[in-house]
Undergrad: 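Questions regarding the structure given below will be posed in turn.
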Amino acid sequence: MSNASQRERDTTAVGASAEDARGGFLRAEGISRTYRLGRVDVPVLRRADLSVRRGEFAAIMGKSGSGKSTLLHVLGALDEPQEGQVFVNGEPVYAPKERRSFRARALDVLSVHERRRNRLRRDTFGFVFQFYHLLPELTVFENVLVTEMVRTGVLRWPTARSGARRRVSAELERVGLSHRLAHRPSELSGGERQRVAIARALVHRPSVLLADEPTGNLDATSGAAILAIFQALHAEGQTIVMVTHDATVAACADRVLHLDDGQLAAK
Amino acid sequence: MYKLFLTLRYLRKRRIAYAAVGAVTLCAAMVLIVMSVLGGFVQEMKAKARALLGDVILDNRSYHGFPLYEELIAEISTWPEIQRATPVLYSWGLLRFPQIEQTATVRVVGVRLDEVYEVNGFRRSLYYEQHYPGTTSLAPQAQAILGVVDGPQDGASPGIPRLPEPLHTAHERARAAGLRDTDEYDREWTSFRKALEKDGITPYPGVFALPDGMDDTPRWQGEEFPGLVIGRDIVAVRQPEGRYRRLGFYPRGYVVTLTLLPTTEAGDISGQPIKRAFRYADDSRTGVHDIDSNYVYCDFALLQRLLQMDEAQREDGSRVPGRCSQIQIKIAPGHDPAKAAERLTKFVADFAYSGRFALNISERELLRRARAETWEQSQRHVIAPIEKERVLMQIVMGIISLVAVLLVLCILYMIVLQKTRDVGVLKSVGASSTGVGAIFVLYGAAVGAVGGLLGAALGWTFMMNINEVQEFLISIHPGMRVWDFSVYAFDRIPSRVELADALGVFVASILACTGGSFAAAWRAARMEPVEALRYE
């Protein structure tokens with residue numbers, strides 16, 4: 001079974017009806033996020049709405065500091081908004097505000113919502129960051145394998161290990177790094193590092209790939225190679241949400257959205 | 001799985017972790033060494049006390065002793081818990097080495113050698129008895145003279161050195177058994193031995209006189225005098241570098257004199273001091289400096305007679321019972337010495353007033369005041385302070401070890417700061433907060449385990465060689481001696497390590513470092529993934 005068909009099966013099994021009913025596999029409704037800089041509140045997102053269909057390649061553009069990365073983090077269950085909600089397959093990502101007491105917040109690390117967010121990051125989303133964020137102590141292979149380890153409990157690991165290693169090898173081969181398995185991130189070029197990050201984001205076959213300026217730190221050739229990978233993934237049916245400030249890069253997407261004054265608008 | 005994987009990887013790849021492991025190693029080694037030295041000291045004290053006193057001691061703490069000891073021993077010897085009992089006499093005297101004009105005040109102990117061998121470990125402290133079993137005696141004896149018998153008739157050999165019987169047989173038996181004299185020869189003996197060897201004569205370890213004049217027959221020579229066992233630190237002086245040097249050339253069998261002060265039944269000094277000649281029969285090497293530098297041992301009956309503590313008859317014809325200072329008792333295996341001591345104390349009080357024996361008031365009181373104590377109880381004034389000192393030192397060492405815990409805390413906190421982005425990455429791929437925190441708790445435990453293991457090994461190795469380390473330091477400068485035998489009683493630093501102590505230090509290291517990692521782990525666990533990813 002190909003990766004694409006596997007992904008298709010994963011994403012259609014549960015939430016197809018919910019997506020059909022509400023109009024998007026990944027939906028953000030009325031997202032507001034404010035940062036406090038010193039004694040000043042700086043609003044970044046103001047009641048932003050977004051809906052991404054399964055298999056869609058959406059690009060979000062905006063000038064530097066417009067809140068693109070913040071929106072991506074909110075979508076990916078990494079950063080909780082002050083207002084609004086994100087739905088994956090119709091299910092809310094964040095706990096309802098009114099139910100979150102001080103005690104609940106204090107025990108966040110043990111809460112049901114924390115566990116749900118962890119599960120979403122582990123199974124549903126894959127992140128690609130502008131600065132790669134690879135673990136410097138690990139080899140290329142181990143950087144990707146660690147995602148599989150996070151997904152597998154220590155007791156299940158002995159039986160799951162060989163399958164995980166096969167998937168990691170396959171993913172690294174797909175991004176053209178099968179000859180670099182034992183190298184450390186410091187021994188790779190920027191483009192190669194980003195390909196490792198993509199392999200890490202894809203190895204667990206996420207429903208949605210969230211990419212934050214994936215080519216922002218690369219030269220033109222490396223950037224083009226990364227975009228080629230994204231287009232290939234899109235062709236296989238991978239849902240992608242990409243943040244970029246580069247119109248050329250955004251042009252690869254099905255749909256381009258502009259983030260301006262904390263709100264999204266179609267181009 | 002990732003927790004263990006990353007823990008081990010961070011431990012191997014983060015060099016700063018080596019500093020934490022090093023600190024834990026040193027602390028663990030330090031604690032183990034202090035625990036072992038003090039613990040060994042206590043153990044040694046207990047072992048020596050038991051070896052020198054027996055399991056239970058009956059004593060009235062009076063210089064002029066107590067009566068009816070023979071009757072008492074005969075009674076208690078029927079008890080199932082009593083294996084053997086022997087009377088002992090203590091007094092004071094002046095010991096003189098006439099050949100070298102040396103005198104020393106000594107504690108004189110009267111013992112029945114064959115009985116005391118069975119009651120306690122005194123035999124093991126006798127140097128020549130250990131190397132030439134059966135040759136030490138407190139009975140009257142002459143000086144053994146090393147002679148020469150004819151060797152092979154080849155004209156080349158000047159003869160074979162030989163001791164008189166039964167010493168010759170005892171020496172041959174000892175040689176056959178592989179017992180070798182390991183005494184450190186003093187300078188005089190070394191030069192003497194070299195001179196003998198030049199003449200082709202095999203010397204016997206500096207204890208026997210050699211033929212004088214023309215008569216080279218192995219023989220016993222001179223007047224017979226009772227044997228006297230002398231503490232090693234009386235016949236020899238320990239040099240600053242640790243070697244012993246005898247007070248001149250003083251072989252076994254040479255004459256010494258002992259001056260004693262007899263006491264009356266009422267405890268007064270009776271008449272004139274008594275001076276008696278003895279022959280140096282052996283030296284006692286208990287390893288307890290206080291004993292080896294003060295005690296000499298002679299025959300019980302002889303000392304009792306010299307001190308006028310033996311049985312006598314009053315002018316009115318009534319009997320004056322003999323007295324002893326102490327009864328040392330060996331308890332039969334499987335019996336509790338404390339219970340036996342308790343029973344004995346009660347028994348002695350009843351025994352004194354039983355009316356079975358004709359005793360005057362003074363004699364009865366002397367006997368009634370006798371108390372039985374276990375060897376531990378009798379030495380509590382020495383052992384209890386050391387036990388307390390040990391506990392105190394453990395507390396002090398524990399506080400010092402907190403430095404290592406704080407160091408681990410700081411290092412782990414620093415590592416968490418350095419690995420903030422890794423925390424963000426791990427959380428972005430779905431690692432839970434507890435999982436991320438667990439990495440750093442495991443990391444702390446791993447630092448503690450490695451440091452504790454290395455520390456235990458280092459402490460163990462150091463302890464095994466602690467005396468050699470001290471000797472090395474002394475060889476550099478005598479002032480670098482850290483263990484003064486005159487202060488700490490033993491001439492060697494106790495070097496035994498208890499496995500339980502080593503395991504305790506290992507486990508404590510793990511617990512301490514795990515505790516020290518909680519702050520760092522909590523910070524990592526509470527970190528928001530976005531904040532972590534944005535961390536500069």
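In what follows, every chain begins at residue 1, and chains take the letters A, B, ... in the order their sequences are listed. As the structure is a prediction and not an experimental result, all values here were calculated from the model.
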Undergrad: Give, as side chain, backbone, both or neither, the part of A:R200 having an atom under 4.5 angstrom from any heavy atom of chain B.
TA: side chain
Undergrad: Got more than 12 heavy atoms from elsewhere within 6.0 Å of CZ, B:F472?
TA: no
Undergrad: Give, as side chain, backbone, both or neither, the part of B:L6 having an atom under 4.5 angstrom from any heavy atom of chain A.
TA: side chain
Undergrad: May I ask you to test the B:Y2-A:E148 pair for a side-chain heavy-atom distance under 4.5 Å?
TA: no
Undergrad: Side chain from CB out, backbone as N, CA, C, O: work out which of these in B:K419 comes under 4.5 Å of a heavy atom of chain A, or both, or neither.
TA: side chain
Undergrad: Search all heavy atoms of A:L78 against all heavy atoms of B:E528 and return the closest pair with its distance.
TA: O-OE1, 4.3 Å
Undergrad: If you round to the nearest 0.5 Å, how far is OG of B:S433 from CZ of A:R117?
TA: 8.5 Å
Undergrad: Do A:R121 and B:P529 have side-chain heavy atoms sitting under 4.5 Å apart?
TA: yes
Undergrad: For B:R9 versus A:E137, what's the shortest heavy-atom pair and its separation?
TA: NH1-O, 3.6 Å
Undergrad: From B:L426 CG over to A:T147 OG1, what is the distance, rounded to the nearest 0.5 angstrom?
TA: 9.0 Å
Undergrad: Go through the atoms of A:F125 and report whether side chain, backbone, both or neither lie under 4.5 Å from a heavy atom of chain B.
TA: neither
Undergrad: Rounded to the nearest 0.5 Å, how far does CG of B:D422 lie from CG of A:L134?
TA: 10.0 Å
Undergrad: Let me know if A:L210 has heavy atoms under 4.5 Å from chain B in its side chain, its backbone, both or neither.
TA: neither
Undergrad: With chain A as the partner, which of B:G424, B:G437, B:S428 has the greatest number of non-hydrogen pairs under 4.5 Å?
TA: B:S428
Undergrad: Can you find a heavy atom in the side chain of B:L4 that is under 4.5 Å from one in the side chain of A:V154?
TA: no
Undergrad: In Å, rounded to the nearest 0.5 Å, how long is the span from CZ of B:R421 to OH of A:Y132?
TA: 11.5 Å
Undergrad: Identify the heavy atoms of A:V150 and B:V429 that sit nearest to each other, and give their distance.
TA: CG1-O, 3.7 Å
